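Have a look at the structure below before the remarks.
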4 protein chains.
Amino acid sequence: MQCPLDSKPRWERRKDARPQELLAAAIDLFVERGFAATRLEDVARRAGVSKGTLYLYYTNKEELFKAVVRGSIVPFIGEAEESVAEFEGHSADLLRQVILSWWDRIGQSKVSGIGKLMTAEAGNFPELAKFYQEEVVVRVIRMISTILERGVDRNEFRAVNVQQVTRVLMAPMMMLVTWKHSAVGPCASDDLQPQAFLDAFLDMALGGLLPPAGARQ
Amino acid sequence: MQCPLDSKPRWERRKDARPQELLAAAIDLFVERGFAATRLEDVARRAGVSKGTLYLYYTNKEELFKAVVRGSIVPFIGEAEESVAEFEGHSADLLRQVILSWWDRIGQSKVSGIGKLMTAEAGNFPELAKFYQEEVVVRVIRMISTILERGVDRNEFRAVNVQQVTRVLMAPMMMLVTWKHSAVGPCASDDLQPQAFLDAFLDMALGGLLPPAGARQ
Amino acid sequence: MQCPLDSKPRWERRKDARPQELLAAAIDLFVERGFAATRLEDVARRAGVSKGTLYLYYTNKEELFKAVVRGSIVPFIGEAEESVAEFEGHSADLLRQVILSWWDRIGQSKVSGIGKLMTAEAGNFPELAKFYQEEVVVRVIRMISTILERGVDRNEFRAVNVQQVTRVLMAPMMMLVTWKHSAVGPCASDDLQPQAFLDAFLDMALGGLLPPAGARQ
Amino acid sequence: MQCPLDSKPRWERRKDARPQELLAAAIDLFVERGFAATRLEDVARRAGVSKGTLYLYYTNKEELFKAVVRGSIVPFIGEAEESVAEFEGHSADLLRQVILSWWDRIGQSKVSGIGKLMTAEAGNFPELAKFYQEEVVVRVIRMISTILERGVDRNEFRAVNVQQVTRVLMAPMMMLVTWKHSAVGPCASDDLQPQAFLDAFLDMALGGLLPPAGARQ
DNA sequence: AATGAATGAGGGTTCATTCAT
DNA sequence: TATGAATGAACCCTCATTCAT
């Protein structure tokens, strides 16, 4: 950890770990079964605690879900926003870096199932939808738009319609993780080749964004 | 009675209409809330009947759902398969026709919400997943693959990897309807411009399929 | 029937047969499943009529059941009572005749299942219990007691305790039919040999009733 | 608390007692109303808990019923089997002892109503029938047959047909408890004199089993 | 902090009975 | 007379949430 002399007794460290264990269990089950179909008793059991204990840390199911999002997707977004703000190179590299690190940190992991889940169940849990839209979707859109605008401003990208291209860029990523987590769909699980998909997607996307060859400096 | 030409009593006409009324109510609610979250009592109420009446027409919730699929998506697939078998022109026109008629008949309507629903809940309802995969997904894949193979055989398309391109073609369509029915996502509902999206998609798809200009006859 | 020139058209004869067809269907199902577990819809279907039609003939489930009893067991009791009243021979012969004709008409047929059914479900249907007790049980007890008293009066039987012996005589008969209709019990269905059982029972019963050999005239 | 020797808190003592309280309530109602007609809510209420609580202890209605059987009849059978295996005296005494202890532990109590219930409802609940046949009926038959064989082997009983006599011995016992629990039947409840019935039955049974006086040692 | 027993509202399904035709 | 569509109360079972310990 940060403190190499961890002065706390093992028992207390265990206690501190509880929320993390609960979040880990929760994300597994939420992604596997969806929000509504996940039973808090199962979450508690998987975390090795009792059902009542769960309520000591999270007031209810929705708060638990929010905590899952806050503990997984939101921090990534924060870091990505920072790296966008600090980046100094070519906007195409920035875009590629953001997408690949998204795939590395989110897309590949269970966390990406949260996106599919929200798409499916937002209608039944308006407060959750609002939370997710504000904490995740809006920030992602803003971040990608920012990259595009940066690229356009710096003449590294063509003068595209930023709003639409933002959506065009997000769509295939969403699709990729949706299929990855679904039991039906055009891709039997072993047919899905995410890496090849990503490569093709990036080629296409950057090909569409970079200025015509003749126009480059 | 009031209309002497209609020999059926009003009451019996209702009976004939009931299944359709129930299916209409069911599709509304299934698409709005998902399979698990839809209460049969609500379906019944929306159709203007009592809970018990629903069971006169459909054995249980899963059968009601299957009936919805059989009454909306499956017939379209059948017709599309026929039109593919009978078609005599250029494969690009066939592909365009199938996709546009899909948009017309399925994509635009509530029915398209079924796809999103199945993607989300298949894991929790394995029998439904099996049904949908067999009755819909497999047939759609086969149909699109058939079109691609036809195009390749007739030298109207390039010699693409049919299996993968089938998936690449399906993905944006799925995405389009998924966002259309979701309360969260990168597209606020009024930002989504399906027609423009479709045009762009078809341009891209056909651009990728047609042989290089020099090779065309 | 009584009128050899049956002037009624076949269609109307059919109508007259309805109640009998319903009773036949009802007894099948009541005996097979019990009173509560029998669905009137099944009764109607087996009789080849609609559920509503059943209610034209019997006001409700309990009345249907009573009609079954009235149409099967009660007439037999009436005849048995008559034959008891008219009989002129030895009381042992009378008892044997009554028991054997019971076996012939009731015990062997489905009707005997009614006895088991009432024993089991009387507690849940007090009105039915009252009806059955009055229309069947009390009359059977009275009839057998009458035979015993007749035998004792005529010095054909020993001076037994009529009340208790009545029960002792009824018990094995009830048992026989109960097992005949049950899916559990000490007798796998093919082990039960009713005829042998009856012979043994009659030997025992009459052996216990007839006066000691030395006392006979 | 009030009793310092009892280290468990009152609340936990309740938890330990719950299963027994629920079984007690269940047996009352099952015997009173039968399996199908017993509502779990009533069982719960009679045990002083809510409907949901019942499911903390028993997975479903059938399991509750099995628990009732396992907690009442099955243990008795186990003990009886042991006492049969260990017994060293005359087989007639063994038979008498087994029957009288059955009457003491089962016949006299509500538990005996289970037998009547199963006879009546086995047809509608095949899994329950299988369970009861295996756990109870088969073992009882085996036990009684064992006693009879023992008696025959030791020349304490005549060489009877063991299979049939087993059934003949069981029949009156079944009948006794069936009437005891029934609202209809030849015995108004206050006329039934079980003790006298048992005495007569044992006299008869042993009379039929013991070798003729002249043959005894 | 931790437990886990208890709750009770709610959803799927069944079926006797009614009633317009 | 005959139909069968419609009803609605009832029952089994689930699960988020509470709370005494």
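Hydrogens, waters and symmetry mates play no part in the numbers below; they use all other heavy atoms, side chains included. A quick note: this is a predicted structure, and the numbers were derived from the prediction, not measured. Note on naming: letters A, B, ... go to the chains in the order of the sequence lines (proteins, then strands), and numbering restarts at 1 for each one.
Positionally, the nearest nucleotide of DNA chain E for A36(B) lies more toward the 5' end than for the other of A36(B) and A36(C). When each of G52(B) and Y55(D) is assigned the nucleotide of DNA chain F bearing its nearest heavy atom, the one mapping closer to the 5' terminus is G52(B). Each of E41(D) and L56(C) was matched to the nucleotide of DNA chain F holding its nearest heavy atom; the match closer to the 5' end belongs to L56(C).
Under a 4.0 Å N-O distance rule, the pair R33(D)/E121(C) does not qualify as a salt bridge. Ion pairing of K130(D) with E127(D) is absent here, as no side-chain N (NZ or NE/NH1/NH2) approaches a carboxylate O to less than 4.0 Å.
In terms of phosphate contacts, Y57(C) brings a side-chain nitrogen or oxygen within less than 4.0 Å of OP1 or OP2 of dA2(F). Applying the 4.0 Å criterion to OP1 and OP2 of dG8(E), one finds that S50(D) has every side-chain N and O outside that range. Close to dT7(E), at under 4.0 Å from its OP1 or OP2, lies a side-chain N or O of T53(D).
Under a 3.5 Å cut-off, the side chain of K116(D) and the backbone N or O of V31(D) do not form any donor-acceptor pair. Under the 3.5 Å distance criterion, the side-chain polar atoms of T119(C) are matched with a main-chain donor or acceptor of G115(C).
Nearest to the side chain of V49(A), among dC13(F), dT3(E), dT18(E), sits dT3(E). Out of dC12(F), dT17(E), dT17(F), the shortest distance to the side chain of R39(D) is found at dC12(F).
As rounded to whole Å, 13 Å separates atom P of dA1(E) from atom CG of L22(A). With rounding to whole Å, L54(B) atom CG is found 15 Å from dG8(F) atom P. Rounded to a whole Å, the NZ atom of K61(B) is 8 Å from the C1' atom of dG11(E).
Taking 3.5 Å as the limit, the base of dT17(E) and the side chain of K51(C) contain a donor-acceptor pair of atoms between them.
Side chains of M118(B) and F35(B) form no contact here, defined as non-hydrogen atoms less than 4.5 Å apart. Considering only heavy atoms from C-beta on, Y58(A) stays 4.5 Å or farther from L40(A) through its side chain.
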Give DNA chain F the dot-bracket treatment, 5' to 3': Watson-Crick (N1-N3 with N6-O4 or O6-N4) or G-U (N1-O2, O6-N3) under 3.5 Å, [ ] crossing, | other strand. .||||||||||||||||||||
